[in-house]
Amino acid sequence: MKSSEIRSRFIDFYRQRQHAVIPSAPLVPQNDPSTLFTSSGMQPLIPYLLGEKHPQGRRLVSSQKSFRTQDIDEVGDNRHTTFFEMLGNWSLGDYFKKEQLPWIFEFLTRILGLPPERLYVSVFAGEGAVPKDDDSINIWKEIFRGVGIDAREGERIVAYPAAKNWWSRSGVPAGMPPGEPGGPDSEVFYDFGADLRLHERSVYKRQACHPNCDCGRFLEIANSVFMEYQKQADGTIRELPQKNVDFGGGLERLTAAENRMPDIFRTDMFLPVIEVLEKLSKREYGRKDEETRAMRVIADHIRGSVIMMADGVLPSNKQQGYVLRRLVRRSLLYGRTLGLTTDWKYVGLLVEPVAGFYSRAYPEVLRDAGRITLVLVEEAARFGKTLEKGLREIEKLPLITGETAFRLYETYGFPWEMTEEIARRKNQRPDREAFEQEFKKHQELSRTAAAGMFKGGLADHSRQVTKLHTATHLVHQALRQVLGDHVAQKGSNITADRLRFDFSHTGKISDSQLRLVESVVNEQIGRALPVAFRIMTYREAMEAGALAFFGERYPEKVKVYSIGSFSKEICGGPHAENTADLGKFTITREESAGGGIRRIYAALSRK
Ligand code: SER
């Protein structure tokens, strides 16, 4: 089955079970500075998992573009990617375990035709204040009994602690910032079979293989999270007022399992890119481990780069732009393993197979393919120069140690394999363990930094963030009144300290215009306007004159927030209840944010 067929069968399956279809949110989250990328289907739904009313109801289904930076160094094996498509279904306080688990089993076995005997499941073993998930164990036993399989605990059903079977955006309960939702989960694994000898070849071969082992024999294809807990400010975990289901299954992996193909890079989602790489390099995928790995990294990274760029990311040294830059650089470095060393333009030739593949699911990628190719090739050419500098530095080094290898990784993005190969030409053997140790230290540091980022954006300051979000609507409308109706939102980013708003406008905005915008906003705050939403169809919202975020695809039914009769905008919320709660509004900075786009920063005095 092709991946597009699997995607539409999943959506149809849940649609038949009264789920409303919601479109994929952009890869760069709007109004959520707590994270760089949308990394799962649940992310745009957080307010609704916490209790906000969703305009489409309590049962939702989607296919969400997702990107995980933390997986960047794992890419190269048979199943890890940075970008992936996540098929998801949600119950927002509606059905729970006894519907979700039989449904997902039915989807996998009846709709996709996976043999039940190839499926293994995991459940939460209990930890801290949260008990073992006996309900799921009993439900799974019943499900397997229905297909004639005696599913025993410890064999087909395996219980794991929080490290494996608890899901939140920031991992185990101890790592969750206050306000973050999470819960125990139950995963389904597809067994490709011992005959593949994956386990024997893996670095884990000294341990016995089990469903959640990392050797690659078992592939996790489905994850039902029972999102019923929230981290509290005092560090405890408490039940949410509503019990939610948050299901996610990677389309790449489901396609691999359905095709009985343990290597996701051999599925239709990657093959067109791999084929171009084979042609360009005159090497054969699957022949030599090192070359196969390089082709996987390039195929993954260029696919991620293209989708990211279609969603507006440009290479830079900051945030999303920096991740994009790393992807392109890593691709070029791995290209050297394939003998692609001199003409950097080859990365441009990989855009078309990606854009072509997504022409129906994400038509914006194809529309933008020309621009994306230009930016990609320019970025590649620029890196070519840095790379030459790095290589010259290596040539000059008398001794290449594990630590040096790590420094080269950090400064130039040189992967271990590449430094080792250069070192080998000088008859040197850098110590892999020392490299790994430095690498681990670095990973821990970035994990701590990522946790800090969550903290800054959510939780503690969420009341202030909510107020600034309401102020964003006010300033949007005020800018239209002062500068004209051509003003349309191009981006927004809110932290507890300030809002940042990008909009279409050419030329600098004068001080007197900025003061006028401020006074219009402060006037609305002074009028103590109520903030309320109504649910309507997208068409009704447009007819009612609601502002929409240009470029975003909306579901059929939307939430329209109005602030008195001053502003009306399509938005998911949450918002302050009344503008009187907001405090004094001040614009702190105005600048250009690229061709035809201006950016303002503004703050609210604390109340
Ligand atoms: N949020 C869960 C995951 O990303 C399930 O959707 O795996």
Side-chain angles (χ1 to χ4, degrees), residues 6-7 10-11 13-14 19 21-22 24-25 27 29 32 34-50 54 59-71 74 79-92 94-97 99-101 103-105 107-108 121-124 133 136 160 162-173 175-176 180-190 211-212 214 218-231 240 242-254 257 264 450 454 458:
I6 295 177
R7 188 197 288 122
F10 180 81
I11 304 274
F13 181 80
Y14 278 95
H19 287 61
V21 186
I22 53 170
S24 174
L27 210 48
D32 181 2
S34 61
T35 177
L36 292 181
F37 295 102
T38 304
S39 60
S40 63
M42 61 78 81
Q43 203 164 297
L45 298 174
I46 290 181
Y48 312 106
L49 292 163
L50 296 178
H54 193 282
R59 294 181 177 200
L60 307 173
V61 59
S62 81
S63 172
Q64 172 65 48
K65 296 184 259 188
S66 308
F67 189 92
R68 293 193 176 169
T69 34
Q70 65 270 34
D71 288 344
E74 311 237 19
R79 64 196 185 284
H80 279 96
T81 59
T82 50
F83 171 79
F84 64 102
E85 250 185 276
M86 186 177 259
L87 303 181
N89 68 273
W90 291 271
S91 154
L92 303 170
D94 191 30
Y95 60 85
F96 207 45
K97 298 176 188 177
E99 291 83 7
Q100 172 60 18
L101 297 179
W103 278 345
I104 206 60
F105 188 79
F107 174 72
L108 295 173
V121 300
S122 67
V123 296
F124 182 54
D133 191 359
S136 292
Y160 292 97
K164 293 270 191 194
N165 276 76
W166 176 277
W167 201 92
S168 83
R169 287 187 305 167
S170 31
V172 297
M176 288 162 66
E180 186 71 14
D185 64 12
S186 181
E187 301 171 343
V188 182
F189 297 84
Y190 183 81
N212 219 337
D214 286 320
F218 291 93
L219 187 68
E220 182 205 323
I221 51 172
N223 184 15
S224 300
V225 184
F226 303 115
M227 204 150 268
E228 47 175 331
Y229 294 97
Q230 187 181 31
K231 184 78 171 272
L240 278 166
Q242 69 185 37
K243 288 185 186 304
N244 307 292
V245 173
D246 158 34
F247 171 79
L251 180 57
E252 289 74 2
R253 291 178 174 200
L254 286 163
I264 62 164
F454 273 121
L458 286 176

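These numbers come from a predicted model, not from an experiment. Atoms within each ligand, like the ligands themselves, are counted from 1 in listed order.
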Per-atom contacts of ligand 1 with G248, taking only distances under 4.0 Å to non-hydrogen atoms: 5 (C), 6 (O)
Quick one: does any side-chain atom of E252 pair with a main-chain N or O of E85 as donor and acceptor, under 3.5 Å? yes
Number the atoms of ligand 1 from 1 as they appear, then name those within less than 4.0 Å of a heavy atom of D246, with their elements. 1 (N), 2 (C), 5 (C), 6 (O)
Do N244 and S91 have a side chain donor and acceptor closer than 3.5 Å? no
Give a yes or no on whether the ring-centroid distance for W103 and Y95 is below 6.0 angstrom. yes
Where ligand 1 meets V225 - atom numbers and elements under 4.0 angstrom, heavy-atom basis: 2 (C), 5 (C)
For ligand 1, which atoms have a heavy atom of F247 less than 4.0 angstrom away? 5 (C), 6 (O)
M42 N/O under 3.5 Å from ligand 1 N/O: no
Return the residue, atom name and 0.1 Å-rounded distance of the protein heavy atom closest to atom 7 (O) of ligand 1. N223 ND2, 3.2 Å
Could you go through Q100 and N89, starting from their C-alpha distance and side-chain angles, then the distance that decides it, and tell me whether this counts as side chain to side chain donor-acceptor pair (under 3.5 Å)? CA-CA 9 Å; Q100 172 60 18; N89 68 273; 2.9 Å; yes
Once you measure the plane-to-plane angle for F37 and F67, does it fall in the parallel (<30°), tilted (30-60°) or perpendicular (>60°) bin? tilted
Is a donor on one side and an acceptor on the other found under 3.5 Å between the side chain of K231 and the backbone of M176? yes
In terms of atom number and element, which parts of ligand 1 are under 4.0 angstrom from non-hydrogen atoms of S40? 4 (O)
With heavy-atom distances below 4.5 Å as the criterion, would you say the side chains of S186 and F226 are in contact? yes
Ligand 1 atoms nearer than 4.0 angstrom to some heavy atom of M86 are 3 (C), 4 (O), 6 (O), 7 (O)
Could you tell me, atom by atom, which parts of ligand 1 come under 4.0 Å of a heavy atom of R68? 3 (C), 4 (O)
